[in-house]
Asker: 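Structure incoming, see below.
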Amino acid sequence: MCRRGYPYGTSDDYACTARHETPSERADRTFAELLPELRVTQTGVQILFAFLLTLAFSPRFPSLDAVQGGTYVTTLLLAVLAAALFTAPAALHRSLFQQRARPLIVRVSSRLAAVGLGVLVLTLAGSVLLVVDVTSGRTEGILAGAGTLLMCVGLWGVLPRLARRPLARVEAALAEEPDIGLSGDARPSGARGGAPRPLRRERCR
């Protein structure tokens, strides 16, 4: 049921009404949308993890200095952590299967994926730092790792926030319109000489 007290509810409430979804149907749809995202990131983490494992058996690996060896171990552990975070939703879903816990699964899985993306950023930066350090030098490796970190933070963190601003302005404009109901019907205030129509609040079906 959509929330009351705010003309249009939150953005989630408005989407719920517009789609005529029950909370269970909305949780099912959200989980179905989350699964492809997890598959993409899981594949990338698995490839990166396999690459890091093969480095330990390369001929040049014994010649790594202490800094390079520490970078390798740290990056490898970060890759393991990222893989665990991205696969945890599957284990959570299997543990709570058929227990009417889909909304809880969606919330926890979304948070796990967000933390996993943060760990993946560090893993990518560490991998680039290690490879460029070994092939080109310490300074070049630090610059390449820092550039990778900034690029990922910009694309995965800053860009979504910038893209969210127009949506916030649209919601603010909708909230200021006193005569548009949730159904999308617009009627001018005082039309036909009567008092302004009250806002209509519909329940999610």
Side-chain angles (χ1 to χ4, degrees), residues 11-12 27 29-96 102 104-171:
S11 59
D12 291 341
R29 175 179 58 82
T30 306
F31 189 71
E33 294 174 353
L34 180 63
L35 287 179
E37 301 173 2
L38 293 175
R39 292 192 186 102
V40 171
T41 51
Q42 285 173 359
T43 302
V45 171
Q46 290 169 357
I47 294 174
L48 181 59
F49 182 59
F51 164 74
L52 292 171
L53 287 179
T54 57
L55 287 181
F57 302 97
S58 62
R60 294 190 59 182
F61 187 80
S63 62
L64 298 181
D65 59 26
V67 175
Q68 294 169 344
T71 302
Y72 171 78
V73 172
T74 302
T75 304
L76 181 66
L77 295 178
L78 288 173
V80 173
L81 178 58
L85 288 169
F86 286 125
T87 54
L92 181 65
H93 178 266
R94 181 50 47 195
S95 300
L96 301 178
R102 183 60 62 86
L104 174 63
I105 294 173
V106 170
R107 289 195 300 270
V108 176
S109 298
S110 179
R111 293 172 183 174
L112 290 172
V115 176
L117 286 175
V119 176
L120 182 57
V121 169
L122 300 177
T123 306
L124 292 173
S127 301
V128 173
L129 168 62
L130 176 62
V131 173
V132 178
D133 185 5
V134 173
T135 57
S136 301
R138 183 64 44 81
T139 302
E140 291 81 358
I142 294 175
L143 292 176
T148 302
L149 180 64
L150 292 176
M151 178 185 66
C152 292
V153 170
L155 292 176
W156 298 357
V158 178
L159 181 60
R161 293 180 180 275
L162 294 177
R164 197 181 304 157
R165 290 182 179 179
L167 298 178
R169 288 196 293 267
V170 170
E171 290 186 350

Asker: Quick one: are Pro89 and Leu34 in side-chain contact, heavy atoms under 4.5 Å?
Answerer: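 Pro89 vs Leu34: side chains apart.
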
Asker: Counting N and O atoms only, with roles assigned by atom type, does the side chain of Ser110 sit under 3.5 Å from a partner on the main chain of Val106, one being a donor and the other an acceptor?
Answerer: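 Not confirmed, Ser110 side chain does not pair with Val106 backbone.
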
Asker: How long is the gap from CG on Leu85 to CD on Gln42, to the nearest 0.5 Å?
Answerer: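 Nearest 0.5 Å value for the CG-CD distance: 11.0 Å.
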
Asker: Could you give the distance from OG1 (Thr87) to CD (Gln46), rounded to the nearest 0.5 Å?
Answerer: 8.5 Å

Asker: At what distance, to the nearest 0.5 angstrom, does SG of Cys152 lie from CG of Leu124?
Answerer: 5.0 Å

Asker: Decide yes or no for Leu130 and Leu55: does some side-chain heavy atom of the first lie under 4.5 Å from some side-chain heavy atom of the second?
Answerer: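 With C-beta onward as the side chain, the pair touches.
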
Asker: Which heavy atom of Ala79 sits nearest a heavy atom of Val45, and at what distance?
Answerer: O-CG1, 3.8 Å

Asker: With Leu129 as reference, evaluate Ile142, Thr148, Val134 under the side chain to side chain contact (heavy atoms under 4.5 Å, CB included) test and give the passing residue.
Answerer: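 Considering Ile142, Thr148, Val134, a side chain to side chain contact (heavy atoms under 4.5 Å, CB included) with Leu129 is found only for Ile142.
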
Asker: Would you check if the side chain of Ser136 reaches a backbone N or O of Asp133 as a donor-acceptor pair within less than 3.5 Å?
Answerer: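 Not a single qualifying donor-acceptor pair exists.
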
Asker: Passes side chain to side chain contact (heavy atoms under 4.5 Å, CB included), Leu149 versus Leu122? Steps please.
Answerer: CA-CA 7 Å; Leu149 180 64; Leu122 300 177; 4.2 Å; yes

Asker: Taking the side chain from Glu33 and the backbone from Thr30, do they hold a donor-acceptor pair closer than 3.5 Å?
Answerer: no

Asker: Looking only at non-hydrogen atoms, find the nearest pair between Ser109 and Leu92 and report the distance.
Answerer: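 Residues Ser109 and Leu92, closest heavy atoms: OG-CD2, 4.2 Å.
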
Asker: Is a donor on one side and an acceptor on the other found under 3.5 Å between the side chain of Thr54 and the backbone of Phe51?
Answerer: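 Checked: pair present.
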
Asker: How close do Tyr72 and Leu52 get, heavy atom to heavy atom, and via which atoms?
Answerer: OH-O, 2.6 Å

Asker: Show your working on side chain to side chain contact (heavy atoms under 4.5 Å, CB included) between Arg39 and Leu35 and close with a plain yes or no.
Answerer: CA-CA 6 Å; Arg39 292 192 186 102; Leu35 287 179; 3.9 Å; yes

Asker: Nearest 0.5 Å please: distance from the OG1 atom of Thr75 over to the CZ atom of Phe49.
Answerer: 12.0 Å

Asker: Specify the closest pair of heavy atoms between Pro166 and Ala163, including all atoms of both residues, with the distance to one decimal.
Answerer: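 Looks like CD-O, 3.2 Å.
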
Asker: Can you tell me how far the CG atom of Leu76 sits from the OG1 atom of Thr71, to the nearest 0.5 Å?
Answerer: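 Rounded to the nearest 0.5 Å, the CG-OG1 separation comes to 12.5 Å.
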
Asker: Look up atom CG in Leu112 and atom CG in Leu117, then write down how far apart they are to the nearest 0.5 Å.
Answerer: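 Reported to 0.5 Å precision, the distance equals 11.0 Å.
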
